[in-house]
Structure formats: structure tokens, C-alpha cells
Amino acid sequence: MLTTMNELLVAARKEKRAVGAFNVGNYETLLAVFRGAESAGLPVIVQFYERVVNNGHGEPLVAAARALAERSAVPVAIHLDHGSTLEVVARAIAAGCTSVMIDGSRLSFDENVAITLEAVKLARAAGVTIEAEIGHVAQGDEGRDANLQESVKFFEATGVDALAVAVGTAHGFYAEEPKIDLTLASQLADAIPVPLVLHGGSGTPQDKVRALIASGFAKINVATEFQYDYQLKLKARLNEVQKFFAVDLLEAPVVDSSAEFIAQQLKFFAGVK
Ligand code: 13P
């Protein structure tokens, strides 16, 4: 069933569990997320990079996600990840996303507050959930941990529903083990009442992810690990087939196997065996 991120995350934070949010880029990865969530019997968030929304694939993919969500046995929220402009936020909402992220983390504090406030207005008018970011989770650039006082000020000024706070993770593969600041994470969780979001979930040590969930992180983003797993499975499938296969049949076992990856991750974040 189609839902908003708020409906999933507020309860999750209260119960000290987290919901997995996976970046999809095509119909097969979308299907893998749905199948994985259904086999785990757990809610899920499917999310799209703004590239997907800006290059014209957003509308049809979000429509497909909504159709799958409506007939799904588990609650599903459909989210825009890292929207950098108000235009892409508006476009994602119009396409049917039930939540959006405005990412002003590369801007100055005041500029981040200003753009986030505008995005909050768009989200509120449409009844969708809004996520923003404070500090900066490295994305091929230099990361910057969130500052406690600044984060509280940001939350109070914007009133966002969920807040991504940088505590030492980074997007993509890690060259070395990340230094996660668990003390900062729990101070942030104590001071900010809404669900916190962990970006850069791929490769983050499991004991750290567990500790962050226990402190108040209720949404864990995973893109690289999921898509690389999909890539390796697709490669193996292509190496194995020796004759012509219609593409849906070619990719069906890859989707099924990728769904197992999603189910495992969701169970780990939810704390179920
Ligand atoms: P990873 O690619 O490191 O899993 O990060 C995902 C993410 O945070 C998407 O916003």
C-alpha cells in the first residue's frame, strides 16, 4: 500500500528500528525492492536520484512505483533523494512522490535554511513528507560532520519531518573504514525529535548501523551496495546464458536474487531475524 515516509519513520524511531531506503534507476531494480520488501513482510522506501527525475524517467518510473505500491501487501513510500533545486522537488511531487528531500548541504547555513523553508512549503501544500540535510555527507567530495547547535537551530528554523545528519559516513564505497561519531549521533538524536536519516549506508560497519538505529536513526539509505550487487548478478547471468533470451526472462532471476539482498537488509534494519 502506498504511504508517506512520515507514517513509516515516526513509528520506526519510536520503536528503535529503521526502514531501508533503496535508490532505483530502472524497472528491474524497482521490482527487486518491491519483491524484497514483500518477502521480508516489511515496509520500504524506494527512492530516485534527481538525475532520474530530471532526465525524463521520473514520471513513468514513479507511476510504475505507485502502481506496484497500490497492489503491494507492505507499506511503501516513494521518495526523491537529494533534490538540489525547488524545481526538481516540485517535479517529483507532481510525478507522485510521497516524500521529497531538499539537499542544501553544500550551501551556507542561511542558504540551506532558506531553500529548505521553500521546499517545506511545497511539501506541506501537497501533503508529502520532507527531508533535509545538515552537515554534509561526502558525495565524491569532502564531508563535514553536523554541528550539534547548528543542527538544532536548523531543525527549529525549518520544521522538517526527517533530518539527514552527517556523522562520518560517505556515499559510495569506502577506501578505508569510516569514522562514525556515535557520541555526536546520540547528542543529535537527543536534541532533535524527528527521525534522523543515515546517508551512505553502503559498507558502513553493521555494529555502527545498529548503534545509530538504537539512538534514533530511522531511515537508512543504501544505493551503491544494492546496485553493485545487482550489477554482479546481472553479469553472472549474462555469462551463464548461451542463447537468446527475451529480456524479461533474461533478467527475471537477477531480480529475484536481488530481492533477497533487499529482504536481508530490511530485516537487519528492522532488527528481525
Ligand atoms: P550509498 O551509495 O553509500 O549506499 O549511499 C546511499 C545514499 O545515501 C543515497 O542518498
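Just follow the structure's listing: the first ligand is 1, and inside any ligand the first atom is 1.
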Item to check | Chi angles and distances behind the side chain to side chain contact (heavy atoms under 4.5 Å, CB included) call for Lys233, Tyr228 | outcome: CA-CA 9 Å; Lys233 285 168 175 164; Tyr228 192 57; over 6 Å; no
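Of the possible donor and acceptor atoms, one in the side chain of Asp161 sits under 3.5 Å from a partner among the backbone N and O of Ile130. Although no hydrogens or angles enter the test, the distance criterion places a donor-acceptor pair under 3.5 Å between the side chain of Gln227 and the main chain of Asn23.
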For each nitrogen or oxygen atom of ligand 1, which protein N/O atoms lie closer than 3.5 Å, and how far apart are they, rounded to 0.1 Å?
from, atom 1, to, atom 2, distance (Å)
ligand 1, 2 (O), Thr224, N, 2.9
ligand 1, 2 (O), Thr224, OG1, 2.5
ligand 1, 3 (O), Gly172, N, 2.8
ligand 1, 4 (O), Ser202, N, 3.2
ligand 1, 4 (O), Ser202, OG, 2.5
ligand 1, 4 (O), Ala223, N, 2.8
ligand 1, 5 (O), Gly200, N, 3.4
ligand 1, 8 (O), His171, NE2, 3.1
ligand 1, 8 (O), His199, ND1, 3.4
ligand 1, 8 (O), Gly200, N, 2.8
ligand 1, 10 (O), Asp81, OD1, 3.2
ligand 1, 10 (O), Asp81, OD2, 2.6
ligand 1, 10 (O), His82, NE2, 3.0
ligand 1, 10 (O), His199, ND1, 3.0
ligand 1, 10 (O), Asn221, ND2, 3.2

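Annotation: cation-pi pair Arg237/Phe245 present, NZ/CZ under 6.0 Å from the ring centroid and within 45° of its normal. For the pair Arg210 and Phe268, the cation-pi criterion (under 6.0 Å, within 45° of the ring axis) is fulfilled.
A single hydrophobic cluster is seen to contain both Ile134 and Phe217, as judged by linkage of ILVMFWY side chains at heavy-atom distances under 4.5 Å, directly or through other members.
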